[in-house]
Amino acid sequence: MEAFRILGGQRLDGEVRVDGAKNAALPAMAAALLGDEPLRLTGVPRVTDVTTLAAVLRHLHVAVRRENDILQLESDASRGEASQRFLAPQHLVARMRASFCVLGPLLALRGRAVVSLPGGCHLGDRPVDLHLRGLAALGADIRLERGHVVAESKRLRGAMLSMSGRHGPSVTGTANVLMAATLARGTTTIASAAREPEIVDLGRCLRKMGAKIEGLGTSTIEVHGVEQLGGATHQVMPDRIEAATLLAATAITRGQVTLRGAPVEALQSVLELLTDAGCQIDTTPDTIRLRSPERLQPICFTARPYPGVPTDVQPLLTALATLGGGTSTIEDQVFSARFRHLAELRRLGARIELEGPRAKVRGVEQLTGAHVCATDLRAGAALVLAGLAAQGETLVHDVAPIDRGHERLEAKLSRLGADIERVPSQRRPTLLMNRQRARERAAVAARSAPR
Ligand code: EPZ
């Protein structure tokens with residue numbers, strides 16, 4: 001267990017390069033299962049989710065090798081034990097949801113997939129019905145066996161299907177079905193498809209491998225199935241969520257930072273909100289310069305599917321709003337239960353109430369350092385941001401979820417002037433208190449148990 005120790009109060013200042021996008025790299029890695037030649041990806045970030053998916057792919061007989069900035073993936077289903085050619089094991093898939101993206105490619109090329117139901121960050125209910133409905137529409141026979149999805153089909157056939165769910169389209173659901181459809185017989189129309197830039201990036205990678213895809217970035221994607229896919233070289237798009245994290249960190253510390261290699265277009269909704277908060281933003285096609293005001297203004301927004309404000313940015317902007325001079329109102333329509341960071345932000349002195357689906361954040365003059373815990377990737381990053389602005393020392397415990405999506409976030413922030421270091425996690429006072437209470441309860445229960 002590791003923690004970040006942060007001494008708040010340093011303004012961020014300088015220039016920094018944005019890494020490749022985790023959420024674009026992961027489905028692109030799964031796409032390697034579809035080709036009969038090596039897929040070379042550049043810009044794949046060195047984050048633990050990438051390591052986990054690489055382990056899943058190796059299990060499925062994909063050779064994964066990193067040489068400098070190139071991640072090379074080469075699928076060879078003829079190697080190894082036959083039973084393992086289809087099986088994505090539970091101990092790996094349970095760690096991260098994106099590994100469920102191997103389902104579509106496995107099924108399309110190898111005709112059978114056995115994939116454990118996925119894990120991932122706890123953001124509320126996260127079903128996979130849209131993935132399964134989509135693949136069933138392509139002709140797959142799907143059943144659930146002992147916690148695993150078993151999908152089978154001789155050759156998938158093109159169909160009309162929809163990715164529309166209660167909370168909008170599914171991003172990885174669209175990725176799964178899109179990949180499967182590339183090798184289906186005939187044409188597939190995906191209605192209500194996710195329009196996220198990471199899906200567009202995946203589609204571009206698939207096209208380089210030989211897939212025929214139209215309508216990327218719109219809500220109707222058309223895929224004309226081909227007989228086989230080959231290899232390709234693809235540069236993964238820059239990470240819009242990492243970029244937003246660095247911008248919000250700059251704004252909350254009243255700093256001034258230039259991001260290089262930034263996905264400016266994909267960040268429009270976030271840049272508008274930061275402008276509402278009083279930040280001055282200047283852009284070129286691939287740089288963003290942010291200068292913060294002395295006092296942030298309140299912001300009101302609802303996180304929605306692209307092109308709306310991303311749900312992954314919501315916790316970061318909530319942290320920003322804690323220091324805004326007024327009341328901010330924040331809602332999340334993608335993951336309505338994604339507010340686990342609020343309790344931890346309150347430990348730092350934030351004034352936040354949850355009113356139904358909305359968080360009301362009353363800006364305070366100053367946050368104060370405390371011990372907090374990273375409950376998931378973006379919530380953890382939000383706590384780091386709040387710690388950077390807080391007076392005194394903050395310890396963000398259990399930072400493993402942050403490492404799932406950031407390549408040494410602390411090193412990047414240090415280079416910009418933050419006082420932050422990675423340290424071994426100490427026992428948290430709350431945990432100790434909970435353990436003490438549990439011991440007391442157990443003692444009481446033992447005393448009153450029938451003899
Ligand atoms: C992707 O998750 C991202 N992960 C998430 O980023 C991101 O928060 C999310 O999209 C929304 O933008 C990756 O790309 C690897 P969804 P995904 O399926 O695809 C409901 C991060 O921090 N739904 O688009 O798993 C679901 O419950 C991560 O980097 C169904 O109802 O999310 C949610 O309310 C966390 N049925 C909504 O749709 C389904 O079959 C959107 O989920 C699937 C989803």
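Ligands are counted one by one from 1 in listed order, and the atoms in each one are counted from 1 as well. All of these numbers come straight from a predicted model, not from anything done at the bench.
Remark: among candidates V334, D49, V171, the nearest residue to atom 10 (O) of ligand 1 is V171, based on non-hydrogen atoms. Taking all heavy atoms of R378, K22, Q314, M96 into account, the minimum distance to atom 22 (O) of ligand 1 is reached by R378. For atom 23 (N) of ligand 1, the candidate residues are G165, G308, P27, P127; the nearest heavy-atom contact is made by P127. Summarising the contacts of atom 6 (O) of ligand 1 with V128, T172, D312, the nearest heavy atom is found in D312.
For a threshold of 3.5 Å applied to N or O pairs, the pair formed by H167 and ligand 1 contains no separation below that value. Some N or O of L130 is nearer than 3.5 Å to an N or O of ligand 1, by distance alone. Backbone and side-chain nitrogen or oxygen atoms of A98 are examined, and none is located within less than 3.5 angstrom of a nitrogen or oxygen of ligand 1. The distance criterion of under 3.5 Å between nitrogen or oxygen atoms is not met by R166 with respect to ligand 1. Of the N or O atoms in E196, none lie within a sub-3.5 Å distance of an N or O in ligand 1.
Ring geometry, H131 versus F100: the interplanar angle exceeds 60°, so the pair is classed perpendicular (tilted spans 30 to 60°).
In T311, the part holding a heavy atom less than 4.0 Å from any atom of ligand 1 is the side chain. At a 4.0 Å heavy-atom cut-off, ligand 1 touches D129 through backbone and side chain alike.
Under the side-chain contact (heavy atoms from CB on, under 4.5 Å) criterion, V171 pairs with A194, E196, I199, not counting sequence neighbours.
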* Given the rule in the side-chain contact (heavy atoms from CB on, under 4.5 Å) test, do R66 and R46 qualify, once you have shown the distances and angles that lead to the verdict? -> CA-CA 10 Å; R66 199 188 261 274; R46 292 170 196 269; 3.2 Å; yes
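Separating the CD atom in E355 from the CD atom in E331 is a distance of 11.5 Å, to the nearest 0.5 Å.
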